[in-house]
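Chain naming here is simple, since letters A, B, ... match the order of the sequence lines and numbering starts at 1 in each. No hydrogens, no waters, no symmetry mates; every other heavy atom, side chains included, goes into these values. None of these values were measured; they are calculated from a predicted model.
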Amino acid sequence: MNRRVLLLIVSALGALLLSNWLSRQAEDERERREQVHRQVPDYFLSDFTATTMGPTGQPEYRLSAVRMDHFPDTDTAELVQPRVVLYGEGEANWHARSDRGQVGPGSEVVYLSGNVEIHQPGGDGGPPRMLLTDHLRMYPQRDYAETDAAVTITGPQTQINGVGMRAYFAQQRLELLSEVTGTHGPRR
Amino acid sequence: LSSDREQPIHIRAASVEINEKTGVSVYTGDVNVTQGSMELTAEELIVHYRNGEVSRMESKGQPATFRQQPDGALHEVRGEALRIEYDADAEKAYLVGQGHLWRGNDEFLGERIVFDTLENTVHATSGDDDRVHAVIQPRKDTENDSP
């Protein structure tokens, strides 16, 4: 195979490798730009309060936080020190707070994490209640929350621990799913 | 013991459902309850609250079991039944359904047995077509359990 043909093959291979390298560079650059784009919020709010009204014009729940950053591509938002109030119908409201939070797409779910506390002051509906856990998925429009983490429920003269919880706030019903230990009293 | 009522109630179970509206909690799965010398075991335990305090507990099991040490008595009282209700206010245990109670060497069987934990007395009643069975051992001078 004479020298000219050999030269032709080598240069064709070189061109192929070069174009492959160039297209990979372009791909990496596009991904890098997209990655940067994804980390940039399109808007942020600080010290805000947002109240969602129900069909009858009554407030259903209220979300407030020290700061919220909204990310357009996933339609999610990061929250600093979120506070959620679920308005009760006839019974006391439930108040939730945590160190951090995230609002899912369409604001259907609010993830709370870090020192999560949910508190219901006492009233004619019953004794005050406090729920403590590490993280929680809250569905405000359904007055419902759940977690797979350890939970402590306290009230006057009562402490109940368990792992995993489902909370049906509108029905004032709490379920602890495993490893339950409870202490009541002593009587006053 | 009469001091049992001043002790906290400790409950262990697989799961619990707490209903604030009705003031009732239902513990299920391998339930164990202790309060001082009193102990209950069952598959399901329904705890009724009044003013934030436990007023009554209903346990169900195959069977549910109960035991407690009466004041000044030599022997512990043990019982079992399909359902055992413990009334913390009245300090009485109601054994309902195939009730069986042992107090030292004495033995009582009946459809419904009421044990007064304060008075250390037993009251047994039968079902429609059954009778109460009681085996009361002769007293030795030292024992002071009275039926």
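- Residue with the most contacts toward chain B among Met165(A), Gln120(A), Glu175(A), Gln171(A): Glu175(A) (heavy-atom pairs, distance under 4.5 Å).
- Using a 4.5 Å cut-off between heavy atoms, Leu177(A) touches chain B through its backbone atoms (N, CA, C, O) alone.
- A salt bridge does not link Glu80(B) to Arg78(B): none of the charged side-chain nitrogens sits closer than 4.0 Å to a carboxylate oxygen.
- Side-chain N or O atoms of Asp116(B) include none that pairs as donor or acceptor with a backbone N or O of Val122(B) at under 3.5 Å.
- When hydrophobic clusters are built by joining Ile, Leu, Val, Met, Phe, Trp and Tyr residues whose side-chain heavy atoms come closer than 4.5 Å, directly or via intermediates, Ile153(A) is not grouped with Val26(B).
- Ranked by heavy-atom pairs under 4.5 Å with chain B, the list Thr158(A), Thr181(A), Thr183(A) is led by Thr183(A).
- For Gln159(A), no part lies near chain B; criterion is any non-hydrogen pair under 4.5 Å.
- Within a 6.0 Å radius of OH in Tyr49(B), other residues, nucleotides and ligands contribute more than 12 heavy atoms.
- Annotation: side chain to side chain contact (heavy atoms under 4.5 Å, CB included) contacts of Met53(A) (sequence neighbours excluded): Thr51(A), Pro59(A).
- For chain B, no part of Arg166(A) is nearby; none of its heavy atoms comes within less than 4.5 Å.
- Among the candidates Glu17(B), Arg12(B), His10(B), the residue making the largest number of heavy-atom pairs closer than 4.5 Å to chain A is Glu17(B).
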